[in-house]
Amino acid sequence: MNPTQDGQKSRSSATQKSIMLAAEKLIAAKGIENVSIREIVKAAGQKNESALQYHFGDFRGLVESIRQNRDKETHAKRGVLLDELLHKSIKPSLRDLCCLMASPTFILAKKNPGFRRYVVGFSHELALTNKSAFTLASQAGGGGESGERTGKLLRAALQHLTEASYRRRMESVIRLAAISLGHHARQKNAFRGQAAELFFNNLVDEITGLLMAPVSPETRSLETSMNLVKVSK
């Protein structure tokens, strides 16, 4: 790549970043449904809407790029935390594994105000989706190579759950984590001090308790009658 091309690529990358950061800030403040392309372009210091269209196609393309960018950060942080955990023990506790579900977002939001705004603006999508939160999370921040590794360890630690029970529990866990982290991110002193640590550890306790709770005879009976008792291999 010659110097001219290198400079163009650098400027293009800077423009994309400024547009995404401006969009995150506006979405966190006003809600995704209340933000216009014109507002984003102006906040990003661009002269016209063609800059956004050139780099992202349209508003939905911009939103997807923001998700992908933050998802990469989440995957990478979870991978580091998982490697550290497995270095300490080849068989982590269930609570340690549950911690991996929430800690990447918590740590990144604690260190990066931009990531915190992302949590504020986007967490409700997982919490309130009428689709499968488990599937959406697998495709997003809960997915990736680190997410798959964590998921396999979690599944192996929850042998008392059928596959159907496991998926239902994970649906609840993902929605709980998303709405809890989103609500916490909106607080004045979010991700700071002992209050934040208490919030985080209580959230991990709730996730752990939800997953480890026994399956009632009533639920087992309904699973059997609905042919939902197959356990994954």
Side-chain angles (χ1 to χ4, degrees), residues 13-14 16-17 20-21 24 28 63-123 125-127 133-158 166 169-171 173-185 187 189-212:
S13 178
Q16 290 178 46
K17 184 176 181 180
M20 288 193 288
L21 290 176
E24 283 182 337
V63 168
E64 186 58 31
S65 292
I66 291 172
R67 287 199 193 97
Q68 291 177 3
N69 184 56
R70 294 306 187 185
D71 289 347
K72 289 178 181 178
E73 292 182 69
T74 307
H75 298 164
K77 175 57 69 174
R78 182 176 290 110
V80 171
L81 296 172
L82 178 55
D83 288 341
E84 291 175 351
L85 180 60
L86 294 177
H87 182 72
K88 296 177 182 178
S89 173
I90 60 173
K91 192 175 181 180
S93 69
L94 177 59
R95 191 181 190 281
D96 284 338
L97 293 172
C98 290
C99 188
L100 287 174
M101 299 183 68
S103 55
T105 297
F106 184 84
I107 292 171
L108 290 169
K110 184 176 183 179
K111 293 182 177 180
N112 183 348
F115 200 97
R116 174 182 170 179
R117 288 192 290 269
Y118 171 72
V119 175
V120 171
F122 289 81
S123 61
E125 292 188 314
L126 269 181
F134 181 67
T135 299
L136 291 177
S138 297
Q139 296 170 348
E145 190 265 345
S146 64
E148 291 179 5
R149 290 166 63 200
T150 302
K152 289 179 180 178
L153 290 168
L154 271 170
R155 189 66 188 96
L158 297 167
Y166 174 73
R169 296 284 178 93
M170 289 299 292
E171 285 279 341
V173 161
I174 291 166
R175 292 175 191 273
L176 170 64
I179 200 68
S180 297
L181 286 163
H183 179 266
H184 179 75
Q187 306 310 304
N189 294 314
F191 307 105
R192 298 178 184 174
Q194 287 187 316
E197 296 301 322
L198 176 60
F199 156 77
F200 175 75
N201 280 282
N202 184 70
L203 175 59
V204 175
D205 289 344
E206 291 174 348
I207 292 172
T208 305
L210 197 160
L211 289 175
M212 71 184 299

Problem set entry | Residues forming a side chain to side chain contact (heavy atoms under 4.5 Å, CB included) with L81, sequence neighbours excluded | K77, E84, L100, S103, P104, I107
Problem set entry | Sequence neighbours excluded, every pair satisfying ring-ring contact (aromatic ring centres under 6.0 Å, His included) that has a member inside residues 88-110 | F106-F191, F106-F200
Test item: [X] side-chain N/O and [Y] main-chain N/O as donor-acceptor pair under 3.5 Å:
| X | Y | result |
| --- | --- | --- |
| R116 | A185 | yes |
| E197 | G193 | no |
| S123 | I179 | no |

Exercise. What do you reckon, is CD of Q68 surrounded by more than 12 foreign heavy atoms closer than 6.0 Å?
Worked result: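 Yes, enclosed.
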For this session: Evaluate the side-chain contact (heavy atoms from CB on, under 4.5 Å) criterion for residues Y118 and L108: first the C-alpha distance (whole Å), next the side-chain angles of each, then the deciding distance (0.1 Å), finally the verdict.
Result: CA-CA 10 Å; Y118 171 72; L108 290 169; over 6 Å; no
Which atom pair, heavy atoms only, marks the closest approach of [X] to [Y]?
| X | Y | result |
| --- | --- | --- |
| V119 | L181 | CG1-O, 3.7 Å |
| A177 | I207 | CB-CD1, 4.3 Å |
| L97 | A157 | CD1-CB, 4.3 Å |
| R149 | D83 | NH2-OD1, 2.9 Å |
| F122 | V63 | CE2-CG1, 3.6 Å |
| T74 | F115 | OG1-CZ, 3.6 Å |

Could you give the distance from [atom1] ([X]) to [atom2] ([Y]), rounded to the nearest 0.5 Å?
| X | Y | atom1 | atom2 | value |
| --- | --- | --- | --- | --- |
| D71 | I66 | CG | CD1 | 11.5 Å |
| T150 | M101 | OG1 | CE | 9.0 Å |
| L176 | E206 | CG | CD | 5.5 Å |
| L158 | L153 | CG | CG | 11.0 Å |

Exercise. Would you call M20 and S65 a side-chain contact if the rule is heavy atoms closer than 4.5 Å?
Worked result: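 The answer is yes, as the side chains (C-beta and beyond) meet within the 4.5 Å cut-off.
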Exercise. Quick one: does L211's side chain get under 4.5 Å of M170's, heavy atoms only?
Worked result: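 SC-SC contact between L211 and M170 confirmed.
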For this session: Could you tell me whether R155 sits above the aromatic face of Y166, with NZ or CZ closer than 6.0 angstrom to the six-membered ring centre and within 45 degrees of the axis?
Result: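 Checked: cation-pi criterion met.
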Exercise. Tell me, which pairs form a side-chain hydrogen bond (donor to acceptor under 3.5 Å, both in side chains) where one or both residues lie in residues 88-98, sequence neighbours left out?
Worked result: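 The answer is S93-D96, R95-N201, R95-D205.
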Exercise. E24 pairs by salt bridge (Lys or Arg N to Asp or Glu O under 4.0 Å) with which of R70, R67, R117?
Worked result: R70
